[in-house]
Amino acid sequence: MACETENADSVTFPVVDISLLSSEDELQKLKSVISSCGCFQAVGHGISIDYLDKVREVAQQFFALPVEEKQKYSRASNEAEGYGDDLVVNENQVKDCCYRLFLKVLPEDQRRMNLWPENPADLSETLHEYTLKIRSVMNDLSKAMARSLKLEENSFLDQFGDRPVLEVRFNFYPACSRAGVFGAKPHLDRSAITVLLQDKEVEGLQILKDGMWHTVPIIPHALVINLGGLMQVMTNGMFKSPLHRVSTNANKLRMSIAVFDEPEAEKEIGPVDHLVSHTRPRLYRSVRNFAAFNYECFQKGKDSLEELRI
Ligand SMILES: O=C(O)CCC(=O)C(=O)O
Ligand SMILES: [Fe+2]
């Protein structure tokens with residue numbers, strides 16, 4: 001982060017039509033975008049805007065419930081799953097201005113249904129259905145990303161095992177005018193691919209590219225695709241996992257819904273063999289449970305990918 005500037009700037013942000021990834025032109029565009037910045041807006045994903053609005057609506061309805069109702073789903077103090085505000089891990093920490101509901105959705109038999117809100121009544125079903133749609137978008141993207149590097153298309157998916165994990169984080173950022181506070185501090189995602197549904201009206205997400213923070217503009221029908229640290233590891237650094245953060249807004253609340261993929265527990269993830277050569281030596285050691293490792297590094301102010309560097 002040494003070279004970052006404090007000015008977030010809204011430049012043209014890449015948009016990829018993922019319905020066109022069977023064409024070599026769009027595939028090369030995808031490759032170029034994720035090799036340089038690791039983040040883009042996906043259109044052509046096949047999920048209607050009405051459906052995306054429905055997902056936004058159930059999330060909004062949950063966050064609008066009285067505090068006591070939401071607290072029925074509170075996470076335990078040392079756990080990530082459930083509802084709560086920023087987890088406090090050290091006494092000097094400035095808490096993010098954010099409430100989150102974090103749930104594991106897949107594999108289905110690992111769901112902790114006592115943490116799944118019963119109100120609004122259609123939240124669980126919507127979440128189940130939405131994440132299946134997102135899983136399919138992620139799988140198609142993962143295959144296209146592999147093809148763009150001339151790899152067998154299941155090269156990344158195979159590493160994740162037969163029972164990969166899918167998690168969702170509903171983020172709710174109240175209006176906040178405290179100086180020096182973020183909605184979410186700069187971080188790298190734990191996933192290979194994160195699919196983010198942004199608020200339709202309020203911007204906030206910023207991506208670090210070439211030492212500058214760039215605001216991701218709002219396109220209501222698009223899904224923001226953000227590569228997590230695992231994709232940078234698997235591609236031996238060919239694709240980038242961007243550092244990103246969420247700014248606060250003094251007047252307006254904001255909401256977002258992030259879906260993360262993770263490998264089956266205990267799977268070791270490393271660079272794909274075909275991407276390691278004499279001219280491109282192996283950059284990263286293999287890692288188990290990257291999510292926990294990434295979080296531990298984040299707490300200590302370290303860059304998890306630098307820590308994995310050989
Ligand atoms: O709210 C956003 O736009 C981003 C959220 C995020 O980065 C995350 O949940 O990991
Ligand atoms: Fe993130």
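When a ligand or atom number is given, it counts from 1 through the structure's own listing order. Quick note: numbers below take in every heavy atom, side chains included, and nothing from hydrogens, waters or symmetry partners.
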| said: Can you confirm if the NZ or CZ of Lys133 lies within 45° of the ring axis of Tyr51 and under 6.0 Å from the centre of its six-membered ring? | reply: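 That pair qualifies as a cation-pi contact.
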
inquiry  = Does Asp273, at its CG atom, have more than 12 non-hydrogen atoms belonging to other residues, nucleotides or ligands within less than 6.0 Å?
reply    =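 For Asp273, atom CG is not crowded (no more than 12 foreign heavy atoms under 6.0 Å).
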
| task | Tell me, yes or no, whether the heavy-atom count around Glu306 atom CD, taken from other residues, nucleotides or ligands under 6.0 Å, exceeds 12. | result |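 More than 12 heavy atoms, drawn from other residues, nucleotides or ligands, come within 6.0 Å of this atom.
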
*Would you please write out the protein residues whose heavy atoms approach any atom of ligand 1 to under 4.0 angstrom, listed by chain and number?*
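The 4.0 Å shell around ligand 1 contains Arg169, Asn171, Tyr173, His187, Asp189, Leu196, Leu205, His244, Val246, Arg254, Ser256, Ala258, Phe260.
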
Checklist line | Residue that, paired with Leu166, satisfies side chain to side chain contact (heavy atoms under 4.5 Å, CB included) out of Leu132, Val195, Val259 | finding: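 Exactly one candidate clears the test, Val259.
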
Side-chain contact, heavy-atom cut-off 4.5 Å: [X] with [Y]?
X      : Y      : value
Leu197 : Tyr130 : yes
Arg100 : Asp86  : yes
Met255 : Gln60  : yes

In terms of hydrophobic clustering (I, L, V, M, F, W, Y; side-chain heavy atoms under 4.5 Å; direct or indirect links), are Val16 and Ile219 co-clustered?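 Looking at the clustering, Ile219 is in a separate group from Val16.
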
**Asked** Are there any protein N/O/S atoms under 2.8 Å from the Fe ion (ligand 2), and if so, which?
**Response**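 Correct list: His187 NE2, Asp189 OD1, His244 NE2.
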
Check your understanding: Are the side chain of Glu81 and the backbone of Lys104 linked by a donor-acceptor contact shorter than 3.5 Å?
Key ->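 Judged by distance alone, yes, a pair lies under 3.5 Å.
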
